[in-house]
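Proteins get letters first, then strands, A, B, ... in listed order; numbering begins at 1 in each. Scope of the values below: all heavy atoms of this structure, side chains included, with no hydrogens, waters or symmetry mates.
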Amino acid sequence: MSHFSDKLIAWYVVNPRDLPWRQTENPYYIWVSEIMLQQTQAVTVIPYYLRFIQTLPTIQDLAVCEEDKLLKLWEGLGYYSRVRNMQKTAIEIMHKYDGVFPNTYDLLIQLKGIGAYTAGAILSIAFHQKISAVDGNVMRVISRYFGIQDDITLDTTKKQINQLNTTLLSDEQPHLYTQAIIELGATVCTKHQPKCDVCPVRLDCISRQQNLQSIIPIKTKAKAKKERRFITFILEDEQGRFVVEKVTDNLLKGLYLLPQVEADSLQYAIETLESSGYRIQYTEPLGIYKHVFTHLIWYMDVYYGRIDSSINHETVSSFDEVPMATAHKQITTKEKKNVKY
DNA sequence: TATTCGTGGCA
DNA sequence: TTGCCAAGAAT
């Protein structure tokens, strides 16, 4: 029926990347891969995905997994609420659906961590249902193909693109269509220097005809990141163990950080730590580190500190024992360095 | 509707 | 070096 989907699928079946989640249609594995792939490139996900399904091969394994072990599997992947929400959903599927993965949009959209895209991806890829799944790739492919010059961050534009994608969706092979259009966006219709000469739908593409590839999709630019400055400590006690603190705030919740104080002076930071029970014998500067998050930047003036072990704090003999945020793991593993503070 | 939430790659 | 952004969702 649809010209577009036939060409796309014909191209995809001979040009697929070899990605491990394409060797299964188990909805649990498709779900895991789709959550990991949110805002994350496929090549980054591959090793995490393989380790995750090997360690937690069933929904029940995920539902009963201890939180530290779970976050350790996610360590370095970012957006840690993804895996925390995934466990909530696994528990709900065990109790409410007797461990059987729900297979309608209305049921999936109610689950924690599953939004419109992920619901559509699971339903089309794992259950072969004709449900649209629009991610950043689809937004780029559709907006370029139709020459849509509206801001794609607007809800009205997203709705329009979702409607177009629903119209284009293959009746017979929705599982191939969804993967094909995403694959095209990821490997051919890329943000920079799209490979239009090998695109299966280049002849009908408005952006190709009018040379608009570099200006479509149109997107409002991001706000400036806020900056925060910390004095950060690698604290070692008399037993050679290191102090870590488990995060309770939303940002990096459940992960572990080095002790740190939002401050500009070492003296104030030490006083703050001592008022919370640490007794610091001496300190030694290790350098200034920087870590960039999506919406903020941390500058960390790092010191090694020796403490006695007279207070109750959590310690590890190796930072590998706990899930550490990358912002601080880099401090424990990399060489001394200095950035502009 | 706007903001929050990680990390690594790339131009 | 800096900013963008990648198989988005929650609040």
key: Near-ring test A:F293/A:W298, centroid separation under 6.0 angstrom   = yes
key: Closest nucleotide among C:dA10, C:dA7, C:dT2 to the A:E34 side chain   = C:dA7
remark   = In this structure, CE of A:M324 is separated from CG of A:L252 (nearest 0.5 Å) by 10.5 Å
message = Under 4.0 Å, heavy atom to any atom of DNA chain C: which of residues 15-28 of chain A qualify?
response = A:R17, A:L19, A:W21, A:R22
message = Tell me the interatomic distance from A:Y12, atom OH, to C:dA7, atom P, rounded to whole angstroms.
response = 14 Å
ask   = Separation of A:Q110 atom CD from C:dA10 atom C1', in whole Å?
value = 15 Å
ask   = Cation-pi between A:R229 and A:Y299: NZ/CZ under 6.0 Å from ring centre and within 45° of the ring axis?
value = yes
message = Please report the distance separating the P of C:dT11 from the corresponding atom of B:dG6, rounded so that it comes out in whole Å.
response = 13 Å
query = Reckon A:K225 touches a base, only the sugar-phosphate, or nothing at all at heavy-atom distances under 4.0 Å?
reply = nothing
ask   = Along nucleotides 3-11 of chain B, 5' to 3', which nucleotides get a B, which get an S, and which get a -, given that the test is a protein heavy-atom distance under 4.0 Å?
value = SSBBBS---
task = Using only side-chain N and O atoms of A:K219, determine if any of them is under 4.0 Å from OP1 or OP2 of C:dG3.
result = no
key: Check: A:H175 ring centre within less than 6.0 Å of A:Y177 ring centre   = no
note = Atom NZ of A:K158 and atom P of B:dA2 are separated, to the nearest Å, by 11 Å
ask   = Roughly how many Å is it from CD1 in A:I35 to C1' in C:dA9, rounded to a whole number?
value = 9 Å
request  = Could you state whether A:F319 and A:W74 fall into the same hydrophobic cluster, counting links through intermediate Ile, Leu, Val, Met, Phe, Trp or Tyr residues with side-chain heavy atoms under 4.5 angstrom apart?
outcome  = yes
message = Between C:dA7 and B:dT4, how many Å separate the two P atoms, rounded to a whole number?
response = 24 Å
key: Atom P, compared across C:dC4 and B:dT3: separation rounded to whole Å   = 15 Å
inquiry  = Output the rounded distance in Å from CD1 (A:I125) to P (C:dA7).
reply    = 13 Å
task = Start with the C-alpha gap between A:Y304 and A:E236, add the side-chain angles, then the distance that decides, and say whether side-chain hydrogen bond (donor to acceptor under 3.5 Å, both in side chains) holds.
result = CA-CA 8 Å; A:Y304 170 84; A:E236 184 174 10; 2.5 Å; yes
remark   = Assert: residue with more 5' nearest nucleotide on DNA chain C, out of A:I109 and A:G185, is A:G185
request  = Please report, rounded to the nearest Å, how far the P atom of C:dA9 is from the CE atom of A:M86.
outcome  = 14 Å
ask   = Do you know which two heavy atoms are closest between A:S207 and A:G147, and how far apart they sit?
value = OG-CA, 4.3 Å
query = Between atom CH2 in A:W31 and atom C1' in C:dA9, what is the gap in whole Å?
reply = 14 Å
inquiry  = Within this structure, what is the OG1-CG distance for the pair A:T55 and A:L73, rounded to the nearest 0.5 Å?
reply    = 5.0 Å
ask   = What do you reckon, are the aromatic ring centroids of A:Y278 and A:F233 less than 6.0 Å apart?
value = no
inquiry  = If I take atom NZ in residue A:K112 and atom P in nucleotide C:dA9, what distance separates them, rounded to the nearest angstrom?
reply    = 13 Å
Phosphate OP1/OP2 of C:dA10: any A:R84 side-chain N/O under 4.0 Å = no
query = Between the side chains of A:Y289 and A:D301, is a donor N or O closer than 3.5 angstrom to an acceptor N or O?
reply = no
query = What is the nucleic acid contact for A:T118, judged by heavy atoms within less than 4.0 Å: base, sugar-phosphate only, or nothing?
reply = sugar-phosphate
ask   = So what does A:A133 touch, heavy atoms closer than 4.0 Å: a base, only the sugar-phosphate, or nothing?
value = nothing
